[in-house]
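Computed from a prediction, not measured in an experiment: that's the story for all the values here.
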Amino acid sequence: MEQPTEEVSVAQRRIQDQVGDLGVIETGLPASKRSPSSRSLTVDNVPINRRSNDKGVVKRIADSIVHRAPEKGESVVGDNKSLGTEDVTRPGRIILKKCEAAVPSSSLLNRLYKNREGRKKTILHSMRVDVPAGSITAILGTSESGKSTLLKFMAGCMDKNMAYDGIVNLQGSTSYLPRETNLHRFYTPRTYIRHYDRLLSSRAQGGGCNNMPNRFKRNQSSDSNGDNGGRPPMRRTSSIMTHDDVENLLDNLRIDHERRDTIVGDVFRRGLSPGEQRRLELGLLVLGAPDTLFCENPVEGLDSETSLQLMEFLKGYSSNSSRRVIVTLNRPSLFVWNLIDNVILLSRGRIVFEGPRFDMESFFSHHKMPTPARFSPLEHYLAVVNNFRRPNVSVDWESAFKKWQEEGDDDNEDGLADDIETCFPTAIPNVMIPSMQSRSNNEESSSCLSYLCCCFGKWSPKFIELLRRYLLQMALNPGILQLRFGMYTMLSLILGMLFFNLEQDFSYQQVNSHAALLFYSSSFYIFMVVAILPFLAIDHQIKEKEVLNGFYHPITHHLAVSVAAIPTVFIMSLVISVILVNMVQLENGIMFFLILTLALWCGESLAILVSLCTKNYILGIVGCAGICGLFMPLEGFMLIPSKFPSWLRWTYFVPFHTYTWRSLMHNEFSGSLSGNGVLQSYEIEDTNIAHDMVVLICYSMIIHILCMAVILVTNTNVIAKKMKES
């Protein structure tokens, strides 16, 4: 439904009065309403003059100034009854019919007997929103208004306790930036970008699902739908970024040259500042050139200047007419506020405004609530819709917005309470990341078999790159190898000095000392694998982010982590064996080393499994320590198997500690009459070391199979989403 000419003329006057002689470029308008070669802004095919800024500063004003009344049969925001199929066809349209969270009952009896699921709490009410392309859309509201829930619904990563129904029509690829900054701490900005570039380039290499050449390509829709604000696009002809490409991206991220070889930093070493880390994480996500970028409160905890730089980067990224940037914000500064194109304002799970930012003042002025002079507009809007300090004033803002939408904006005045909307010079970077086409159109298939074939074809280069990452982490992260190396070395030296040149005369004291030393080796060294759990928990958060954004399959990540742990286990076993065998004079040092290596590998596998089952590393340490503590008394040293209660004798074969300890004992005491007597006293005279070593290998394989099962169960929604996209 076209707008009348006089209303468009009003829009022209409003824009010209608003920006004066400053520059305006097109933004947020549908591709059909833009002219790729023209330097003018159009609304419903009516041109609006555009003036060039002398300083070359880019400022985007609005994607639509004039509200149109809904056509017949078209619903307005929040009208659940008319959320029909006609609303789904429009690109950028999101329809939410319900969003509820299961709240457990406070009573234990109710949870066990009466109401196991608890009651349902409505998080978001029915709504319909439109997210225009080529713009930044901000979801605003107070705490518990539903901002993050709506963002996760759009991104397709809702929490498991949510019951929701709706449709999201956002074409193309997506990426999601979580609230917390999750980065590997040993990379520098330059090396991190190159690592992600190699990881992403493997999408277009090999595999059964890609016949495209190994090169980056610009999104075709961006070439056909409009220019890039008069700025030249950044192109690459190789699948691997050149040095200039890396430097250009770091320039856009406002990371200083002297900081580009600084590590991210961890508890052991200082590195990048929080603002630099956040901008680097954002730059890594846009390497894949997603059509829709979701950012959950990207400026939280940052100062105003750093927040502005980050939002300017997002502004430059969204300048492509085919891209959308959707963010949640709490209290943006006025500088950040001026960079927002489209606004979704929530209050208690309901929409109270949805549309261009410049129309918000008209809406609130229409309801006699203009922004006071020298007052932050966003603070005013939030205070008004939530009735801050106005308990006697109650307005149904959701209904008021529906009515205002139906009536249309007939305000011929500016409607702004002061001049806070006046444009100011900003430094929008030239961000044009070429996207990568991973498969040809004639190979598109959504079948599970095709997806699995595609995954197996792509796993190899991704696995190699991830393996390279974790081998590098083992060498550069002090907590992975150096700290554990120091702990195992210190413990082994203490044991070596305590049991130095222990004679094997088969007296009770000597036999007991040998058995105790081997028990310690088969128990406490394994127990010390809990030291790796904090680092596995951090890596688990990074893995969740990368899997959600489609960088690789979670099974590929697990295989890389497991294989990369082998050198660590090998080094730890070698250190322990060299010290103990030489200082204590143990028998057959090579066999001692092999048995201990398999035992530590089982312990490392158990730690990986526990880290997958819980996100909190403290709970993981408690759980892993509890399992090891349970296995220790069952391995046959404290109590021989025949003394176990008859109904618990099967537990003797459950711990992998059992096969480790009895193999070490057999390796130490077999071969002599007195030694065989010692083995008989512990009822392990029939031990076959080769058989037990095979059992340890199978034990670790079973643990890794369980790990893969946990990964597939916990990532069902993400895998199904990526399979559908493939």
Carefully, step by step, assess Glu100 and Ile123 under the rule side chain to side chain contact (heavy atoms under 4.5 Å, CB included). CA-CA 5 Å; Glu100 298 174 337; Ile123 306 298; 5.9 Å; no
Would you say the side chain of Pro189 lies within less than 4.5 Å of the side chain of Leu253, judging by non-hydrogen atoms? no
Who passes side chain to side chain donor-acceptor pair (under 3.5 Å) against Glu276, sequence neighbours left out? Arg259, Ser273
Say whether, by atom type as modelled, one donor and one acceptor occur between the side chain of His380 and the main chain of Pro370 under 3.5 angstrom. yes
By side chain to side chain donor-acceptor pair (under 3.5 Å), Ser307 pairs with (sequence neighbours left out) none
Nearest heavy-atom pair of Ile542 and Leu183: which atoms, and what distance? CD1-C, 3.4 Å
Between Asp197 (side chain) and Met241 (backbone), is there a donor-acceptor pair under 3.5 Å? yes
Do Leu150 and Leu346 have side-chain heavy atoms sitting under 4.5 Å apart? yes
Side chain to side chain contact (heavy atoms under 4.5 Å, CB included) between Met154 and Ile344, worked out: CA-CA 13 Å; Met154 294 180 180; Ile344 300 173; 4.0 Å; yes
Closest contact, heavy atoms only, Ser126 versus Lys97: CB-O, 3.6 Å
Does any non-hydrogen side-chain atom of Leu177 lie less than 4.5 Å from one of Pro298? yes
Contacts of Glu281 meeting salt bridge (Lys or Arg N to Asp or Glu O under 4.0 Å) (sequence neighbours excluded), chain-then-number -> Arg278, Lys545
With distance as the sole criterion, is a donor-acceptor pair present between the side chains of Glu296 and Ser148 under 3.5 Å? yes
Calculate, to the nearest 0.5 Å, the distance between atoms CG and OG belonging to Asn549 and Ser175 respectively. 4.5 Å
Considering all heavy atoms, the nearest Ile136-Asp341 contact: N-OD2, 2.9 Å
Can Leu140 and Trp337 be said to form a side chain to side chain contact (heavy atoms under 4.5 Å, CB included), step by step? CA-CA 11 Å; Leu140 305 174; Trp337 177 249; 3.4 Å; yes
Would a distance-only check, ignoring hydrogens and angles, find a side-chain to backbone donor-acceptor pair under 3.5 Å from Arg324 to Val131? yes
Looking at Thr328, is its backbone amide N or carbonyl O close enough to the side chain of Lys147 to form a donor-acceptor pair, meaning the two atoms are under 3.5 Å apart? no
Should Val264 and His184 count as side-chain neighbours, where that means a heavy-atom distance under 4.5 Å? no
Compare all side-chain heavy atoms of Arg331 with those of Glu379 and state whether any distance is below 4.5 angstrom. yes
Does a side-chain N-to-carboxylate-O contact under 4.0 Å join Arg128 and Glu354? no
Test item: Ile193 and Leu250 side chains (from C-beta on) under 4.5 Å apart, heavy atoms: yes
Where is the tightest heavy-atom contact between Pro332 and Leu378, given as atom of each residue plus distance? CD-CD2, 3.0 Å
Do the side chain of Asp303 and the main chain of Thr306 share a donor and acceptor less than 3.5 angstrom apart? yes
Between Arg323 and Asp291, is there a salt bridge with N-O shorter than 4.0 Å? no
Give a yes or no answer on whether the side chain of Ser318 reaches the backbone of Leu314 with a donor-acceptor pair at less than 3.5 Å. yes
Can you tell me how far apart CG (Asp159) and OG1 (Thr149) are? Round to the nearest 0.5 Å. 7.0 Å
Roughly how far, to the nearest 0.5 Å, is the CG atom of Leu339 from the CE atom of Met311? 6.0 Å
Under-4.0 Å salt bridge between Glu544 and Lys615: yes
Beyond-backbone contact of Tyr176 with Pro178, side-chain heavy atoms, under 4.5 angstrom: yes
Non-hydrogen atoms of Ala138 and Leu329 that approach each other most closely: CB-CD1, 4.2 Å
Salt bridge Arg179-Glu300, side-chain N to carboxylate O under 4.0 Å: yes
Any carboxylate oxygen within less than 4.0 angstrom of a Lys/Arg side-chain nitrogen, looking at Arg260 and Glu247? yes
Backbone N/O of Ala101 and side chain of Tyr164: donor-acceptor pair under 3.5 Å: no
Quick one: pull up CD1 in Ile167 and CG in Leu96 and give me the separation to the nearest 0.5 Å. 11.0 Å
Go through Leu302 and Leu310 one step at a time and tell me if the side chain to side chain contact (heavy atoms under 4.5 Å, CB included) criterion holds. CA-CA 10 Å; Leu302 305 180; Leu310 190 144; 4.2 Å; yes
Any donor and acceptor pair, going by atom type alone, linking the side chain of Arg279 with main-chain N or O of Arg254 inside 3.5 Å? yes
Could you tell me the separation between the OH atom of Tyr192 and the CG atom of Leu280, rounded to the nearest 0.5 Å? 7.5 Å
Sub-4.5 Å side-chain heavy-atom contact between Phe353 and Asp359: yes
Nearest heavy-atom pair of Asn338 and Arg357: which atoms, and what distance? O-NH2, 3.2 Å
Proximity of Phe551 and Tyr196 rings by center, below 6.0 Å: yes
Euclidean distance, Cys99 SG relative to His125 NE2, rounded to 0.5 Å: 10.5 Å
